[in-house]
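Right, one structure below, let's go through it.
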Amino acid sequence: MSTDITSPRTSSTFVEAISLTPVESGSDVDSFTAVPQYAPWPKAYGGDMVAQATAAMIATAGQDRVLHSTHSTFMRPVTMFEPVRYDVERIRDGRNYSTRHVRGVQGGKTVFLSTGSFQVPQKGPDYQRGGTEELRVDPESLASAETALSGVSTPAAEYWATGRSFDMRHIPGPVYLSGDNAGHGSAGAETLTVTQAIWLKSFTPLAVQSTDSETANLHRIALSYVCDYTILEPLLRTQGLSWSSDGLVTASLDHAMWFHRTANVDDWILYAQEAESLQSSRGLALGRFFDRSGRLLATVAQEGMIAH
């Protein structure tokens, strides 16, 4: 893989993916185009669409209000390097809340749908569910993806190692090549909850924006981008599978994300994940993002197709 496709160890893959170009549209919508970036498989990375749609809806909301949730559906595979048009409908602008609906279109077909809700920040009590034991693990003590894949020279390995804009370090070890490590498990009387966690941060700092709110939005968009890379992995672990397993076919189906507190992806963030249910070649996984101090930043629920 040449560096003119994906620049290694930089945040450029993410930054280029979320670069929006405004386009003319009807009076009832705001439209933008964005280009899905390289990935070493036939379809574009799903996080490109999540982040691009999130960036498009943020671009239409007032700076007095903050994105607090998105709910999305992946409709069709998306072609890399071909622009996707995002049409944003301003469903509601109330005193304290705003709602946006986004339709992603490529080749004349709807490929992605998303609805987002914004809130004017309010004063109130602050509570969060407790953290997770992986917060005690020093991310610098863990092997990077580049180290874990040392000596493996394939387009997929090079992309996983340095091409995704984020340094990602697994607890327990990654499932790029082997699914032998089933992950952490908390056993109940009849069930085993399969979990994993990833420490992650941007390879290079994201640019500071014109205002604090714009900078905060950029880091929210970064979380929405990176969340799709690994969220299905706990479900792979339940079956002893890896991303390299013969015959494995996966696809993101739908996705929900709630933003609780301001994030900074230039510093280490823990992405704790667990497998919730797997049936009929569909699986649901849950994820929580924490900063190093244990503040809960965002929560993710995602369903995906896992066929093998």
Side-chain angles (χ1 to χ4, degrees), residues 7 9-20 45 47-48 50-55 57-59 61 63-70 116 118-123 126-142 144-146 162-171 196-231 255 257-273 286-300:
S7 300
R9 304 181 198 86
T10 75
S11 59
S12 63
T13 303
F14 160 69
V15 172
E16 292 170 11
I18 64 163
S19 297
L20 300 178
Y45 165 54
D48 276 18
V50 176
Q52 289 167 354
T54 299
M57 66 177 76
I58 286 175
Q63 291 198 6
D64 65 326
R65 49 203 65 204
V66 174
L67 181 70
H68 70 87
S69 70
T70 60
F118 295 77
Q119 181 203 25
V120 177
Q122 308 288 317
K123 291 183 179 180
D126 193 296
Y127 163 83
Q128 69 171 64
R129 174 185 167 188
T132 179
E133 63 181 13
E134 287 87 358
L135 284 163
R136 301 189 184 99
V137 179
D138 179 6
E140 302 289 352
S141 71
L142 300 171
S144 66
E146 186 173 13
T162 64
R164 298 186 292 183
S165 290
F166 291 86
D167 187 345
M168 301 186 204
R169 306 188 179 199
H170 281 72
I171 307 170
Q196 70 169 20
I198 292 94
W199 279 108
L200 61 90
K201 71 171 181 176
S202 56
F203 276 122
T204 53
L206 303 185
V208 175
Q209 304 300 294
S210 300
T211 66
D212 289 344
S213 64
E214 288 174 340
T215 298
N217 278 331
L218 178 60
H219 288 261
R220 289 186 187 96
I221 295 167
L223 288 187
S224 72
Y225 173 84
V226 75
C227 69
D228 189 36
Y229 273 125
T230 57
I231 189 62
H255 167 97
M257 191 165 187
W258 297 265
F259 301 89
H260 311 304
R261 297 171 179 84
T262 302
N264 177 13
V265 301
D266 293 341
D267 195 5
W268 289 107
I269 288 174
L270 185 75
Y271 190 13
Q273 305 162 349
L286 307 179
R288 293 188 295 161
F289 287 98
F290 297 90
D291 67 13
R292 297 189 73 167
S293 70
R295 292 170 62 248
L296 180 62
L297 307 175
T299 301
V300 177

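Values in this document were obtained by computation on a predicted structure and should not be read as measured data.
Without hydrogens or angle criteria, Tyr45 side chain to Tyr225 main chain gives a donor-acceptor distance under 3.5 Å. Without hydrogens or angle criteria, Ser11 side chain to Leu206 main chain gives no donor-acceptor distance under 3.5 Å. In this structure, Ser165 contributes its side chain and Phe14 its backbone to a donor-acceptor pair below 3.5 Å. With hydrogens and angles disregarded, a donor-acceptor distance shorter than 3.5 Å links the side chain of Gln128 to the backbone of Gly294.
Remark: Asn264 pairs with His219, Asp266, Asp267 by the side chain to side chain contact (heavy atoms under 4.5 Å, CB included) rule, at least two apart or across chains.
The nearest pair of heavy atoms linking Arg295 to Thr262 is NH1-O, 3.4 Å. When all heavy atoms of Gln209 and Thr215 are compared, the pair lying nearest together is N-OG1, 2.9 Å. Shortest non-hydrogen contact noted between Arg65 and Pro121 is CA-CD, 4.4 Å.
A side-chain N or O of Gln63 and one of Glu214 form a donor-acceptor pair less than 3.5 Å apart. Donor-acceptor pairing under 3.5 Å is lacking for the side chains of Ser144 and Glu146. Side chain to side chain, Thr10 and Thr204 fail the donor-acceptor criterion of an N or O pair below 3.5 Å.
Note that CZ of Phe259 is 5.0 Å distant from OG1 of Thr70, once rounded to the nearest 0.5 Å. To the nearest 0.5 Å, the span separating CG on Asn217 from OG1 on Thr211 amounts to 8.0 Å. Taking CG of Leu135 as the start and CG of Asp291 as the end, the distance is 8.5 Å to the nearest 0.5 Å.
Relative orientation of the Trp199 and Trp268 rings is perpendicular, given thresholds of 30° and 60° on the angle between their planes.
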